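Each remark here refers to the structure printed beneath this line.
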Amino acid sequence: MKNVEFSYSISPKKNILKIVHWHVKQGEQLFIHGPSGSGKSTLLNLICGLQTANLGNIRVLGKSFDMMSTRQKDKYRAEHIGYIFQQFNLIEYLNAIDNIKLARHFSSSAHEADFLPKVHALLLTLNLTSQDWYRPVNQLSVGQQQRVSIARALINKPKLIIADEPTSSLDQASRDNFISLLTSLCKKYGSTLLFVSHDMSLCQHFDISIALAQINSAKVIN
Amino acid sequence: MFFQLTSKSLLYRKGSVLLTTVALSISMLVMFGVEHIRDQAKASFASSVSGVDLIVGARSGELNLLLYSVFRMGKPTNNMSWQSYLELSKDPSVSWSFPISLGDSHQGYKVLGTTTEYFKHFSYGTKQPLSFAHGNPFAGIFDIVIGAEIARKLNYQIGDQIILAHGIGRTSFTNHKDNPFRIVGILQATGTPVDQTLHVSLQGLEVLHLPTLARNKFSANTPLQHIKYHELQPKSVTAVMVSLKSRMKTFQFQRKINTAPHEPLMAILPGVALAQLWQTLTVAENTLQLVSALVIISTLFGLSAMLIASIRERRQEIQLLRILGASPFYIYWIIEAEALLITTISTAISLIFLTLGLVFSKTYLLTQYSLSVGVNILSIKTLYTLGILLFLTMLAAFPPSLIAFKEANLKK
């Protein structure tokens, strides 16, 4: 990111983010922390191309979003970025396989013939047994839902994985298991990991950790 | 995947979706039902008589004469004298004419007394003449020709004997048991009241109403041509169907009949009377159409409200789809597709129930209202109506789809 500034159109003079220069190396596992309302989700939306900066340049995996149309950004996101949400955000009326298929649906490799065997192999790697694959996700335990959300984020073998406070509703043991599983899979696939949380105690699991305030020079008022 | 998302999403919210679908199905059932029965009735009425320039009868209302003489419905009209029939049939302007006499029945079906000219000249639809599925016109005094519907419903065949009843009610206490009629002909189906009519000779009807002693002179084998002219000459008939040599003279001939000095008669033009009949029904028809249109519109508003309420519950889902690469337009079309799917399912349900309803009520409509209603409800008009419905559904789904679209387009 270079000279990036972002403010909402309802209060254009109040910058939420002002980042002079910030970059993450490929394959790094980075923990970003900051209090609620500090602009973490906005930063992630900018990196995903869901929101557009008012000023500056954002390059993700070597591509600049400035030159891309919304449609191109959507496509780029579908192919190169995996996302894990705070509440895992699985679609309740779909089963585990269909939730994972959804991630594939919008990418250019949507019609690959060996897709299902790949999903099955990934789910087995994540210790999700075949009897749970076709059950609606709301019938799965929280731990199983976590693993489905990881599978969905990884199925396209994205070069960048973004995790937005995915452990906030977990107890410590589940949280540690989740992070170690995620980091090991990211290493295996060679994906860059951006893990965002307000919980600073998680920094022990990551190579690098930074506070958002270190890179954001905008004064954010909660 | 798109269809899977929309269909499973609807299944997931089955409670509200089911209620909306039922409401929409009922309103569509009413709308399609009204349209279909109206069209069928109109087609059935319009095709009931063809090639007849004038119907002549005793002076009464135009509609009453039309309904009774053609559709065997409404109150019986007064009879006109046989003499008047003879005079008008000999008029040089007349190409052909035949008298009809109503008053008896068989198991609720009307008996029509006429001459063999009826089978030569009566036509329906686009001037299609009557044709026989089996047998021939009546030749004997106790011969009878039955319509296709009667043969099918009562399982009658050539050679079967049937007893006529006095009066036109379904139940009669005066049966002409001593003089059964023998079926000599079964007409091809016409889809008109002819299918529910039994045809006998005027002489056959006359002999039924003679005193027993006089009646015994005639046997079932008495050919019509062996009967002396004065013996069974009717005194009156219900109406006369007239075709003129030149249509140019229709109004002139009509005036002549209407102003005949010796008997108060009236001549009606079947086409004009039919148009008049539909004119009287237009208000009811328009009201029914308006009511069904309003019901559909209010149900579509309900559909719109249901979808708007669902968007609030689906913010996370929309956010997820966006992150995964779905464009705001994709999300817009998911909501539109859900609405269209509900309408399509409702349409299918309403058409199935309407077809079943028509299958079960067909006989009732036919026997009670002489209304031949087809079971096939699919037509160009139905498809046209369906197109309008889908368009209205898209309009109704526009507000919720737009809300979803805006939800998908994060603020800058």
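Treat the numbers as computed from the prediction; the structure is a model and nothing was measured. Here is the naming used below: chain letters follow the sequence lines, and residue numbers restart at 1 for every chain. Only heavy atoms go into these numbers, but all of them, side chains included; no hydrogens, no water, no symmetry mates.
In the displayed structure, B:L290 atom CG is contacted under 6.0 Å by more than 12 heavy atoms of other residues, nucleotides or ligands. For CZ of B:F301, the number of neighbouring non-hydrogen atoms (other residues, nucleotides, ligands) closer than 6.0 Å is 12 at most. No more than 12 heavy atoms of other residues, nucleotides or ligands shown are found within 6.0 angstrom of CZ on A:R71. Counted within 6.0 Å of NZ on A:K188, heavy atoms from surrounding residues, nucleotides or ligands total 12 or fewer; the atom is thus considered open. In the displayed structure, B:F353 atom CZ is contacted under 6.0 Å by at most 12 heavy atoms of other residues, nucleotides or ligands.
Between A:I91 and B:L5, some side-chain heavy-atom pair lies under the 4.5 Å cut-off. In this structure, A:F85 and B:Q316 have side chains that are not in contact, with every pair of non-hydrogen atoms separated by 4.5 Å or more.
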Q: Might you work through the side-chain contact (heavy atoms from CB on, under 4.5 Å) test for A:L102 and B:L321, ending with a clear yes or no?
A: CA-CA 8 Å; A:L102 200 57; B:L321 287 169; 3.8 Å; yes
Q.
I'd like to know whether A:Y93 forms a side chain to side chain donor-acceptor pair (under 3.5 Å) with B:E317, so could you lay out the CA-CA distance, the side-chain angles of the two residues, the decisive distance to 0.1 Å, and finally the verdict.
A. CA-CA 11 Å; A:Y93 51 82; B:E317 187 185 322; 2.6 Å; yes
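Among the residues in residues 8-18 of chain B, those with a non-hydrogen atom closer than 4.5 angstrom to a non-hydrogen atom of chain A are B:K8, B:S9, B:Y12.
One finds the OH atom of B:Y330 at 3.0 Å from the NE2 atom of A:H105 (value rounded to the nearest 0.5 Å). In this structure, the separation between CG on B:L324 and CZ on A:R152 is 5.5 Å, given to the nearest 0.5 Å. Between the OG atom of B:S327 and the NZ atom of A:K73 there is a distance of 13.5 Å, given to the nearest 0.5 Å.
For B:G325 against A:A78, the heavy-atom pair with the smallest separation is CA-CB, 4.0 Å.
If you measure heavy-atom distances from B:F329 to chain A, you find no contacts under 4.5 Å at all. If you measure heavy-atom distances from A:N138 to chain B, the contacts under 4.5 Å come from the side chain alone.
With hydrogens and angles ignored, the 3.5 Å screen pairs no side-chain donor or acceptor of A:R77 with any backbone N or O of B:A326.
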